[in-house]
Amino acid sequence: MKKVITYGTYDLLHVGHINLLRRARELGDYLIVVLSTDEFNAIKNKVAYHSYEDRKIILEAIKYVDEVLPEYTWEQKIDDVVDNDVDVFVMGNDWEGKFDFLKDYCEVVYLTRTEGISTTKIKDDLHK
Ligand code: C2G
């Protein structure tokens with residue numbers, strides 16, 4: 001079984017997230033999403049609208065997602081890849097090159113982002 005892993009906050013779920021998850025899942029047979037905890041979001045200087053628990057429930061309802069794990073630190077990726085026997089690491093290309101250290105452990109794929117949508121844009125548009 002070819003296992004794929006990806007990371008993110010996945011707040012205010014939108015089509016950019018779904019496009020990423022669908023393409024990530026298509027690279028293998030099983031997709032793990034490592035979801036940023038509220039504590040890790042604080043480290044990323046992000047405040048999610050939905051709690052980790054709610055964001056996890058929402059992600060688990062997506063047919064492309066097989067498993068959701070918590071993301072606590074920047075440093076856990078190698079352990080996550082090794083401990084879960086992951087074959088492919090996937091991120092949107094806003095992260096291009098940032099996780100190439102994982103190439104020693106698995107395939108690393110950066111997928112093009114979906115233009116014109118982001119959680120930040122949604123928040124900004126709602127405040128207009
Ligand atoms: N994404 C995308 N297109 C968009 C918006 C997001 O392809 N228009 C992708 C991002 O590139 C990322 C995923 O959707 O791969 C989740 O995006 P975020 O929730 O913003 O994740 P981020 O804050 O980048 O967290 O350790 C890595 C971090 O947890 C990544």
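We use all heavy atoms of the structure for the numbers below, so side chains are in, but hydrogens, waters and symmetry mates are not. As the structure lists them, so they are numbered: ligands from 1, and atoms in each ligand from 1.
Among protein heavy atoms, the minimum distance from atom 5 (C) of ligand 1 is reached at Arg113 NH2, 3.3 Å. In this structure, the protein non-hydrogen atom closest to atom 15 (O) of ligand 1 is Gly92 N, 3.0 Å. Considering only non-hydrogen protein atoms, atom 24 (O) of ligand 1 sits nearest to Trp95 NE1, 2.9 Å. For atom 11 (O) of ligand 1, the closest non-hydrogen atom on the protein side is Asp94 OD1, 2.7 Å. In terms of protein heavy-atom proximity, atom 13 (C) of ligand 1 is closest to Tyr10 OH, 3.6 Å. Nearest to atom 28 (C) of ligand 1 among the protein's heavy atoms is Lys44 NZ, 3.5 Å. Protein heavy atom at the shortest distance from atom 23 (O) of ligand 1 is Lys46 NZ, 2.4 Å. Residue, atom and distance of the protein heavy atom nearest to atom 14 (O) of ligand 1 are His17 CD2, 3.8 Å.
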- Task: Check the pair Lys46 / Ser36 against side-chain contact (heavy atoms from CB on, under 4.5 Å), numbers first and verdict last.
- Result: CA-CA 10 Å; Lys46 269 190 166 185; Ser36 305; over 6 Å; no

- Message: Working note: Tyr7 + Asp80, criterion side chain to side chain donor-acceptor pair (under 3.5 Å); need CA distance, chi angles, decisive distance, verdict.
- Response: CA-CA 11 Å; Tyr7 290 70; Asp80 291 345; 2.6 Å; yes

- Task: Dump the intermediate steps for side chain to side chain donor-acceptor pair (under 3.5 Å) on Tyr110 and Asp100, then the final yes or no.
- Result: CA-CA 10 Å; Tyr110 300 103; Asp100 287 357; 2.7 Å; yes

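Counting only distance, with no hydrogens or angles, the side chain of Thr37 and the backbone of Tyr72 share no donor-acceptor pair below 3.5 Å. Here the side chain of Thr6 pairs a donor or acceptor atom with the backbone of Val90 at under 3.5 angstrom. Put simply, the side chain of Tyr10 never gets that close to the backbone of Ile58: no donor and acceptor are under 3.5 Å apart. At least one donor-acceptor pair under 3.5 Å links the side chain of Asp29 to the backbone N or O of Lys2.
Considering backbone and side-chain atoms alike, Thr112 places every N or O at 3.5 Å or more from each N or O of ligand 1. Backbone and side-chain nitrogen or oxygen atoms of Asp11 are examined, and none is located within less than 3.5 angstrom of a nitrogen or oxygen of ligand 1. Looking at Ile117 next to ligand 1, an N or O pair under 3.5 Å apart turns up. The shortest N or O to N or O distance between Trp74 and ligand 1 is not under 3.5 Å.
Within the structure, the closest approach of Ser36 to ligand 1 falls below 4.0 Å when heavy atoms are considered.
Using a 4.0 Å cut-off to heavy atoms of His14, the atoms of ligand 1 that qualify are 5 (C). Annotation for ligand 1: atoms under 4.0 Å from non-hydrogen atoms of Thr9 are 18 (P), 19 (O), 21 (O), 23 (O). Listed by number with element, the atoms of ligand 1 under 4.0 Å from a non-hydrogen atom of Lys77 are 26 (O), 27 (C).
With a 4.0 Å heavy-atom cut-off, ligand 1 is reached by the side chain of Glu71 but not by its N, CA, C or O.
Around atom NZ of Lys121, no more than 12 heavy atoms belonging to other residues, nucleotides or ligands sit under 6.0 Å away.
Between Phe99 and Phe101, the ring planes lie perpendicular to each other; the angle is over 60°, past the 30° to 60° tilted range.
Here the CD atom belonging to Glu53 is positioned 6.5 Å from the CG atom belonging to Asp38, to the nearest 0.5 angstrom.
Between Lys56 and Ser51, every side-chain heavy-atom pair lies at or beyond the 4.5 Å cut-off.
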